[in-house]
Amino acid sequence: MARFKREVPQLSSTSSADVAFILLLFFLLSGSLDSKSGIYRRLAPPVSETAIKKKNPIEERNMLTVTIQEDNTVYLKEEPVSISEIRKIAKVFIDNPDNKDFLPRKTALDIPGLGTTLVSRDAVINLEFSRKSNYQTYISVLSELTAAYDELRKESAFGKFSKPFSDLSEEQQAGIREMYPLRISEKEIPENQVSHE
């Protein structure tokens, strides 16, 4: 009696390639890629040597110094302060609403779309920090300082145009930014400098 050999059917490799492709697409589309995020900062243009030589020192009344020490203590003009107070103090410093003589000098400026306006355009916030301080403290302080400028711009938009800042035309937004130019300088405290203790 003769035996017949059974042939083993071959598997179709095209369907397994399709399944692998679908699985790959599924993991690519449903997974999340680790995205790096940073702080949006517009850097100032490079300064020429002649401009540095002509540069005048900043008057003491025009500068607010915020210092973050290595133990994450925040100081405002040599006095300890909590992070929650920084925005309010910075707003008063930047705007100088009562035109006090120990806050930044106000000058009349002709701003397109706003007319002649008194602004304290020489106000500078100097953020000094220790390299050993916590990064989160640095970010929190910087966020509060930036929020002070944002709030002043929003309040000015409502006061001048009765609209939110985001609803203003580009010219109106540029005018309000000229009233409150974002001027924050950052400087690392040298290691050998003594802390406020």
Side-chain angles (χ1 to χ4, degrees), residues 1-48 66-76 81-91 94 113 124-158 161-191 193 195:
M1 184 170 183
R3 288 190 170 184
F4 295 101
K5 277 191 173 182
R6 278 174 118 187
E7 286 188 25
V8 178
Q10 293 183 352
L11 292 174
S12 173
S13 60
T14 49
S15 61
S16 58
D18 290 343
V19 169
F21 181 70
I22 289 171
L23 284 172
L24 179 66
L25 274 178
F26 171 76
F27 287 115
L28 284 174
L29 294 175
S30 64
S32 64
L33 298 174
D34 188 23
S35 61
K36 304 286 182 193
S37 61
I39 304 170
Y40 174 76
R41 305 295 286 164
R42 178 178 286 165
L43 298 176
V47 182
S48 66
V66 180
T67 309
I68 306 170
Q69 290 294 337
E70 59 185 46
D71 63 352
N72 296 312
T73 309
V74 181
Y75 290 87
L76 216 62
V81 68
S82 70
I83 293 174
S84 60
E85 296 174 285
I86 292 174
R87 186 183 312 191
K88 182 181 173 189
I89 295 168
K91 280 176 67 174
I94 296 161
V124 176
I125 297 177
N126 182 30
L127 176 58
E128 297 180 348
F129 57 92
S130 168
R131 184 175 286 276
K132 293 180 181 177
S133 62
N134 189 331
Y135 185 69
Q136 185 57 49
T137 305
Y138 168 79
I139 292 296
S140 299
V141 170
L142 188 59
S143 295
E144 289 298 309
L145 294 174
T146 307
Y149 283 98
D150 289 342
E151 282 187 14
L152 285 169
R153 289 172 179 174
K154 288 174 185 175
E155 290 166 9
S156 183
F158 269 110
F161 303 106
S162 301
K163 290 182 191 176
F165 182 77
S166 56
D167 291 349
L168 299 179
S169 69
E170 285 184 31
E171 182 187 7
Q172 291 169 333
Q173 286 184 0
I176 289 181
R177 280 194 198 100
E178 198 171 339
M179 280 178 67
Y180 302 110
L182 183 66
R183 298 184 72 192
I184 301 174
S185 71
E186 298 174 46
K187 176 183 154 192
E188 184 181 335
I189 302 171
E191 290 286 328
Q193 190 167 326
S195 64

Residues Glu151, Ile94; criterion side-chain contact (heavy atoms from CB on, under 4.5 Å); working and verdict: CA-CA 11 Å; Glu151 282 187 14; Ile94 296 161; over 6 Å; no

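- Closest heavy-atom contact between Gln69 and Thr67: NE2-CG2, 3.5 Å.
- Under the 3.5 Å distance criterion, the side-chain polar atoms of Asn72 are matched with a main-chain donor or acceptor of Asn134.
- Shortest non-hydrogen contact noted between Ala157 and Pro164 is CB-C, 4.2 Å.
- Side chain of Ser156 to backbone of Leu152: no donor-acceptor contact under 3.5 angstrom is found.
- For the side chain to side chain contact (heavy atoms under 4.5 Å, CB included) test, no residue two or more places apart in sequence or in another chain qualifies with Ser162.
- When side chains are defined from C-beta on, Phe129 counts as touching Glu188, because their heavy atoms get closer than 4.5 Å.
- The CG atom of Asp150 lies 8.5 Å from the CZ atom of Arg87; values are rounded to the nearest 0.5 Å.
- Taking every heavy atom of both residues into account, Val81 and Tyr75 meet most closely at CG1-C, 4.3 Å.
- With sequence neighbours left out, Asn126 forms a side chain to side chain contact (heavy atoms under 4.5 Å, CB included) with Met63, Thr65, Glu128, Ser185, Lys187.
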Let me check something: any side-chain donor-acceptor pairs from residues 169-178 under 3.5 Å, sequence neighbours excluded? List them with distances.
from	atom 1	to	atom 2	distance (Å)
Ser169	OG	Gln172	N	3.2
Ser169	OG	Gln172	OE1	3.4
Gln172	OE1	Ser169	N	3.0
Gln173	NE2	Phe165	O	2.9

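- In the model, Glu186 has a side-chain atom that pairs as donor or acceptor with a side-chain atom of Tyr138 under 3.5 Å.
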